[in-house]
Amino acid sequence: MLSDLLNILDTWGIERLDEGHFQVIGVFPDWVRTFFPNALTENEQCSPKNICLFLENFLTDAETFWAEEREGKIKSGIWISTDSSGNECAFESTAVFLNKKKLLLIEEARYSHEERQHIIQKGREIALAYHNLKQTQAELQKAKAGAEAANRSKSMFLANMSHEIRTPMNSVIGFLKLTLDDPAISEFHRGNLSTAYRSAKNLLALINDILDLSKLESGRMNLEERPFDLVRITEDTLRTLNIKAYQKKLSLVSDLSPDLPRYFIGDSERLMQVLINLVGNAVKFTEKGGIIVTAEPAEPAGTVHFAVRDTGIGIPAERLDKIFEPFTQADGSTSRRFGGTGLGTTISKEIVGLMGGKIWVLSEVGKGSTFHFTVCLKPTDTVPEPESECSISLSGRSFRILIAEDIEENMMLAKIRLEQQGHTVIEAKNGAEAVRLFQRESPDIILMDVHMPEMDGLEAARQIRSLEAGSGNRVPIIALTASMMKEEQKECLAAGMDSVSGKPVAFDELFSAMEKLVADKPLRESSGASTANPCSLSPDLQFAYICPPDIVSLKKGLRTWQNTAAYRNALITFSHDYENSADEILTLVRNGDREQAFRAVHTLKGVAGNLSVTQVYQIAEDLGTKLRTSSTDEIIPLIGSLAYSINMAVACLRRLEPESAEPEAPEQQTPDPSFLKELFCNLLESFEQYNPGAAEPFLEKLRQSLSPRQTDPIKQHIVRFDFDGARHETVRLAQTLGIGPDELGSGGVQK
């Protein structure tokens, strides 16, 4: 670029490289060779002292000028040189600092000083403009490459998130539906569960739209046109957020104008999404007072004006115009104080725009904010049909159904729902077992999970189709997958499956698909094996709540399982089967087997989620995402957190084991009291180091003398770094064995 410019100006340019050396820029003009025959060396470097005395002297001033790094300024001087024939010519040397380069520009002085200054300045401006253009082009190329890489990462992220989000949603919606099918629950609880069920289905609908790549890439979102009840939408929004408001002692009310029609045609899910975003923010940013949601008719006809008013922290005036931008909150500290991504208002703005309205905010710091928005809706006299949450229609036929599913909780839910329909369920835990059972059991239809160990659902479907070849029979196969990406759906159909059903499973749709796919097959008469009322569950909720809810939410788990004995056994099994899972995952990661590590984390997360082992589930969820995107150095600390959480959960859950599960010790082998006393003293002293490793040897010796039921409470406190709690439990245990606090020295004094 610079060399081209110098050639145009017939100027000789050299760049200062290091002490005493200059690099030639571009091609020498003809006059250089005439007046400065010694300017070139073999390596195309030159030294000013080889050119002329003036240039060597001028270099001192040039060095001072370059040291100041003043771009936009120049330093010049004129001298006379003679060629070999005695012809004289005036030359001008100009020192320039351009784009961090130290340059000497030398040319014939054919112009006045003022003209020369003007030409040099123009040349510098041209050079700078050309440089900026090239730099911009390079940045655009880099940005394009980054955007393409981000798009590829987005596709991978969405594929992973599709699977990860839908799997727990399967249990949420499925077990809510099962509970609602129980006619014995009170109307009060049915109302609460109905709100949770509708909210879960709304969440699933939103997830489906977010994960639709074509909508994301086109920037379009299709709006539904269905009748809905505005009063119910508003009430459901407030009920969804009422618990959070109650916890903060905030009032949360609505005030709908009597001039508004009750029923409209429009997209109720999108409208509710906007309301949840705005009301949720209002609850989050309000510490005292309350929130009120109002709605009234506006112009033009069919326009509804909503307002969400709070008494919260308010928004600074200078931030009001940015509040609807992505990842933006009231101020820089807001996200740290209150959390959140800052996307809620951005999404709301887009939805409101699609619904023909606009959104704006009025706010005063310290007094609160009011978010206004309008939407265009069509009033209607059509009353929307109420959604039935307990409407199980039994199939008139009985199928033999082979289910291939590796996660026990998912299998349990599917089995309950299918047996409610009077079907017979054949269980397979992987694809290989599904192929074997297909040959032996002759099922009418197969429900095939796609991601399974040993053999996945795709390969199992291929092998089944291969076994059927030439027989004239074709058993329908429905794929069950939490990933509803178009590519995976195509893979399922290419493998020989007939249909694809997403997770969480919409059982009504699944039942309908089954009826259609087996319509032409000979059907068996119902065996009458399932005679239970499909809407009857009698949960026994009498259970000892022995774990902190942040570790294991026993109440939540009991509501899900509705069977105390089964839930207790599942928790005890989990405490044994998954006790070392963090170590196994760490080994896989260190060996570079990310895929197998992801499978292990995925399984752990699914089981922990269904059992409400809360902390393990949350960390496993985060770890599953990072296994796809993060470095090993970032992953290993998270595995450490997972191990810590598993240890805490196991310490709790082992206390569920019945007394008979403990090894019985003969009464004559009672430990020596003096030995126990010394052991208790050593253990108490180790707590002073606040290090679980220091206490472990003494705790292990204590466990050899006493039962796990006696020592596990101490271990539970130690793994949580609660050494005061561990001291309390140790002193309490010693007292039950006849050793008083005064016998334990200073360690026996409660702190």
Side-chain angles (χ1 to χ4, degrees), residues 157 160-161 163-172 339 406-410 451 453 482 546-554 556-557 560 570-656 690-693 695-696 699 712 715-723 725-726:
F157 170 77
N160 293 335
M161 290 303 293
H163 183 71
E164 295 302 319
I165 294 176
R166 289 169 180 268
T167 296
M169 285 297 292
N170 185 34
S171 294
V172 172
D406 62 314
I407 296 182
E408 183 178 351
E409 288 73 22
N410 292 345
H451 299 283
I546 59 172
C547 292
D550 61 324
I551 300 175
V552 183
S553 180
L554 293 174
K556 179 181 176 183
T560 300
L571 288 172
I572 294 172
T573 301
F574 175 86
S575 73
H576 290 282
D577 291 351
Y578 292 91
E579 183 176 13
N580 300 316
S581 57
D583 293 335
E584 295 167 1
I585 293 167
L586 179 61
T587 299
L588 291 170
V589 170
R590 284 178 169 168
N591 291 340
D593 193 348
R594 287 286 186 97
E595 187 60 35
Q596 196 61 34
F598 178 82
R599 290 178 180 272
V601 171
H602 174 72
T603 300
L604 174 64
K605 190 195 81 169
V607 175
N610 278 293
L611 293 173
S612 296
V613 185
T614 314
Q615 199 171 79
V616 172
Y617 170 80
Q618 292 170 345
I619 297 175
E621 183 177 39
D622 190 17
L623 180 57
T625 301
K626 284 185 166 52
L627 278 169
R628 298 293 198 193
T629 60
S630 302
S631 67
T632 300
D633 290 341
E634 295 176 278
I635 291 171
I636 288 179
L638 195 56
I639 297 176
S641 299
L642 179 64
Y644 171 71
S645 297
I646 291 174
N647 285 338
M648 289 195 296
V650 167
C652 281
L653 298 179
R654 291 288 172 82
R655 298 171 67 184
L656 294 173
Y690 292 90
N691 181 358
E696 184 60 32
L699 183 62
D712 276 351
K715 179 180 179 181
Q716 180 182 347
H717 286 288
I718 291 174
V719 298
R720 298 175 69 181
F721 287 82
D722 179 11
F723 292 98

Under 3.5 Å, is there a donor-acceptor pair between the side chain of Thr614 and the main chain of Ser612?
-> yes
When rounded to the nearest 0.5 Å, the distance separating CD1 of Ile636 from CZ of Arg590 is 5.0 Å
Exercise: identify the closest heavy-atom pair between Ser645 and Gln615 | OG-OE1, 2.9 Å
Considering all heavy atoms of both residues, which atom of Ser641 and which atom of Ile619 are nearest to each other, and what is their separation?
-> O-CD1, 3.7 Å
Inter-residue atom distance Arg599.CZ - Asp406.CG, 0.5 Å rounding = 9.0 Å
Shortest non-hydrogen contact from Ser581 to Ile646?
-> OG-CD1, 3.2 Å
Do Arg628 and Glu595 come within less than 4.5 Å of each other through their side chains, counting heavy atoms only?
-> yes
Considering residues at least two apart in sequence or located in another chain, which fulfil the side chain to side chain contact (heavy atoms under 4.5 Å, CB included) criterion with Asp583?
-> Asn580
What one should report as the nearest heavy-atom pair of Phe574 and Val616 is CZ-CG1, 4.5 Å
Got Ile635 and Leu623 here, is their nearest side-chain heavy-atom distance under 4.5 Å?
-> yes
Any chance you could measure Asp593, atom CG, to Ile585, atom CD1, to the nearest 0.5 Å?
-> 12.0 Å
Please report the shortest heavy-atom distance between Ala582 and Ile639, naming the atom on each side.
-> O-CG2, 3.6 Å
With sequence neighbours excluded, residues passing salt bridge (Lys or Arg N to Asp or Glu O under 4.0 Å) with Asp622 | Lys626
Grab the two heavy atoms, one from Lys605 and one from Ala620, that are nearest each other, plus how far apart they are.
-> CB-CB, 3.8 Å
Are side-chain heavy atoms of Leu642 and Leu586 found at a separation under 4.5 Å?
-> no
Kindly determine whether Thr587 and Gln596 satisfy side-chain contact (heavy atoms from CB on, under 4.5 Å), including the steps that lead there.
-> CA-CA 10 Å; Thr587 299; Gln596 196 61 34; over 6 Å; no
